[in-house]
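Bear in mind that the values here come from a model prediction, so they are computed numbers and not experimental data. Residue numbers count from 1 along this sequence.
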Amino acid sequence: MRLPRARPRSLAGQLFAMQVVLVAAVVAGCAFFAYASGSSQARETATRQARAVALSVAGSPSVREAIRTPDPSAVLQPYAERVRRDTGIAFVTIMDPHRVRWTHPDTGRIGETFLGHTARALRGETFSETYTGTLGPSIRVVTPVRDGGRIVGLVSAGITVERVSTQVRAQLGALGLAAGAALALGGIGTYVINARLRRHTHGMNAAELSRLHDYHEATLHAVREGLLMLDGQRRIALINDAGRELLGLAPGTVGRRVAELDLPAPLTGALLASEERVDEVHLTADRVIVVNTRPVVGGERRGTVITLRDHTELQALSGELDSERGFTQALRSQAHEAANRLHTVVSLIELDRADEAVGFATAELELAQALTDRVVGAVAEPVLAALLLGKAAQANERGVELVLADDSLIDDGVLPASLPQRDLVTVLGNLIDNAVDAASEAAAGPQGGGAADSAVPAQRTPLPSRPAHARVTVTALAGDGELLLRVADSGTGVDPADTEEVFRRGWSTHGAGRGIGLALVQQAAHRNGGTVTLERGADGGAEFTVRLPLPDNDGAPRSMAP
């Protein structure tokens, strides 16, 4: 039976074990160093103390006088014992140059030969040594006693090694307590730190953390939605590839503040908002982005998580769907009007007025075909031609006359494949829709007077003798290295103070939820390297002009005239 493989210890556990061993090794090393240093210092201190006592005794005049007496021991023994007790050393031995003791802590040893070396002292030196004498191993200092220029005796003062060891052991006990306290505090601190690390790493080991990081990086690069994370200082803490692409940011943006990224003001405001944002639509120079934000809170604001979805294609498809819906309504109205005209023809025939029926039908066919021929003859681009015919029908339903300017001309094959047809529909469709709205509203106002009565029937060429009160003029011209699309209306125009704001998302005279059309126009023009300008038209309303550069025959884009 195969036993299950044990799960590797968590990263926090591994660090805890390593830190405990490290702390124990450091404390043990410090304790050993302190013990060695303490022992050395204790021996050095004992040597200094013994040297001071020996030199003091050897230099005493009373000692020299006692040596001159017939019985030096009688005077020196009490003196040596008094010095020994006062200084706390183990022994003070005074001897003659032949090493015969005059004093000793054990009076029975007086008169015996001193155990130790005296040759250097007899040469006039003061030296120290560790030697085993009658009191056991001791640290001793031997120095000569001089009387004039002659050495008349020797003094040896010492402290037993046992006494030094006892002092070191006492210090070692205190050192052990300090080392134990340091080890305990180090262990507690290590445990607290690793407990916190375990919470942050969720008990995972190093391999699991490495694998999680690899999956994290792969996920960031694989997700097509933009992901942006801001810290509490509103700086970019994390951004994936899709987020950089949607916001048009360079790779080295991590750590920068959002306010420094030169993004549109409404988008910057949404990214920095303290409250949650859900499915807000914002525009950059090239894209329509849906923004969702959610603050990260945990007792205090820690940052914001932001997701970005590219809504550009969906917005364009939505515009196309609106156009198709308008075309459908226009075709329904045209079918109803055609049925009325057919009934008129049938009724004239039933009344035996065939000539009048033929004349009415012929006139209607000529009027219906005239606009189609004009558009198709001037605009060879099928998408633009279809768009103009459909918008003409929609405008007619609202009592607005849509006119194609006489200088309009787009030859077949002039527009390159690199110029997206969807962008052309976005630009021209939104401009015409706004112009029709403006012209219709102006005609319906107090000064308009019967705009509906001046409407031209569907697919009917406007006649000079029949002026329209509500009119939209469209110019579509390709030449001199650029495509010019101009739409002018007979509305009230745009206040010059709003010339810059008119292209901002949300600007509209129709209330909330509108005002994205012109922003999309500017975005499409910018995406294709073009420009959009606003002026007052010949009919008194607004005149929007879009210029898009067309490439040379070799495919290189031409520079546009200012």
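Separating the CG atom in L550 from the CG atom in D480 is a distance of 10.0 Å, to the nearest 0.5 Å. In this structure, R547 CZ and L477 CG are separated by 9.5 Å, a value rounded to the nearest 0.5 Å. Atom-to-atom distance recorded for I432:CD1 and L387:CG is 5.5 Å, nearest 0.5 angstrom. Rounding to the nearest 0.5 Å gives a distance of 10.0 Å between CD1 of I306 and CE of M229. Taking OG1 from T426 and CZ from R527, the interatomic distance works out to 7.5 Å, rounded to the nearest 0.5 Å. Atom CG of residue L230 and atom CG of residue L272 lie 7.0 Å apart, to the nearest 0.5 angstrom.
Here the side chain of S490 pairs a donor or acceptor atom with the backbone of R471 at under 3.5 angstrom. Checking side-chain atoms of T475 against main-chain N and O of S408 turns up no donor-acceptor pair under 3.5 Å. The backbone N or O of A524 lies less than 3.5 Å from a partner atom in the side chain of N528, making a donor-acceptor pair. Judged by distance alone, with hydrogens and angles left aside, the side-chain atoms of D231 form a donor-acceptor pair with the main-chain N or O of R234 at under 3.5 Å. In terms of modelled atom types and a separation under 3.5 Å, the side chain of D411 and the main chain of V379 share no donor-acceptor contact. Looking at D539, its side chain never comes within 3.5 Å of a backbone N or O of G541 through a donor-acceptor pair.
Side-chain atoms of V278 and E280, non-hydrogen and from C-beta on, never get closer than 4.5 Å to each other. For the pair V414 and L483, the minimum side-chain heavy-atom distance is 4.5 Å or more. Using a 4.5 Å cut-off on side-chain heavy atoms (C-beta onward), F544 and L518 make contact. Between V521 and L428 the shortest side-chain heavy-atom distance does not fall below 4.5 Å. Between V291 and T293 there is a side-chain heavy-atom pair separated by less than 4.5 Å. Between K391 and L402 the shortest side-chain heavy-atom distance falls below 4.5 Å.
Between V305 and L227 the shortest heavy-atom distance is CG1-CD1, 4.1 Å. Closest approach of H282 and P266 over heavy atoms only: CE1-O, 3.4 Å. Scanning all heavy atoms of the two residues, the minimum distance from A478 to I410 falls at N-CG1, 4.0 Å. The two atoms that bring S274 and P295 nearest to each other are O-CG, 3.2 Å, heavy atoms only. The two residues A259 and T268 have their closest heavy-atom pair at CA-CG2, 4.4 Å. Smallest separation of non-hydrogen atoms from V400 and A439: CG1-CB, 4.1 Å.
Under the salt bridge (Lys or Arg N to Asp or Glu O under 4.0 Å) criterion, R536 pairs with no residue at all, not counting sequence neighbours. Among residues two or more places apart in sequence or in another chain, the side-chain hydrogen bond (donor to acceptor under 3.5 Å, both in side chains) test is passed with D279 by N292, R309. Here E381 pairs with nothing under the salt bridge (Lys or Arg N to Asp or Glu O under 4.0 Å) rule; sequence neighbours left out.
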Original post:
Where do T531 and V546 land on the side chain to side chain contact (heavy atoms under 4.5 Å, CB included) test, with the steps shown first?
Top reply: CA-CA 6 Å; T531 60; V546 178; over 6 Å; no
Subject >> From CA spacing to verdict: side chain to side chain contact (heavy atoms under 4.5 Å, CB included), L415, L384 >> reply: CA-CA 11 Å; L415 301 184; L384 291 182; 4.2 Å; yes
**OP:** Please test V487 against E543 for side chain to side chain contact (heavy atoms under 4.5 Å, CB included), starting from the C-alpha separation and ending with a verdict.
**Re:** CA-CA 6 Å; V487 178; E543 180 181 275; over 6 Å; no
Original post:
Going through the distances and angles, do E401 and V472 end up as a side chain to side chain contact (heavy atoms under 4.5 Å, CB included)?
Top reply: CA-CA 6 Å; E401 178 187 17; V472 172; over 6 Å; no
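Of the candidates V290, I289, L228, L246 forms a side chain to side chain contact (heavy atoms under 4.5 Å, CB included) with just one, namely I289. Remark: of the listed residues T533, T545, T473, T545 is the sole one forming a side chain to side chain donor-acceptor pair (under 3.5 Å) with R486.
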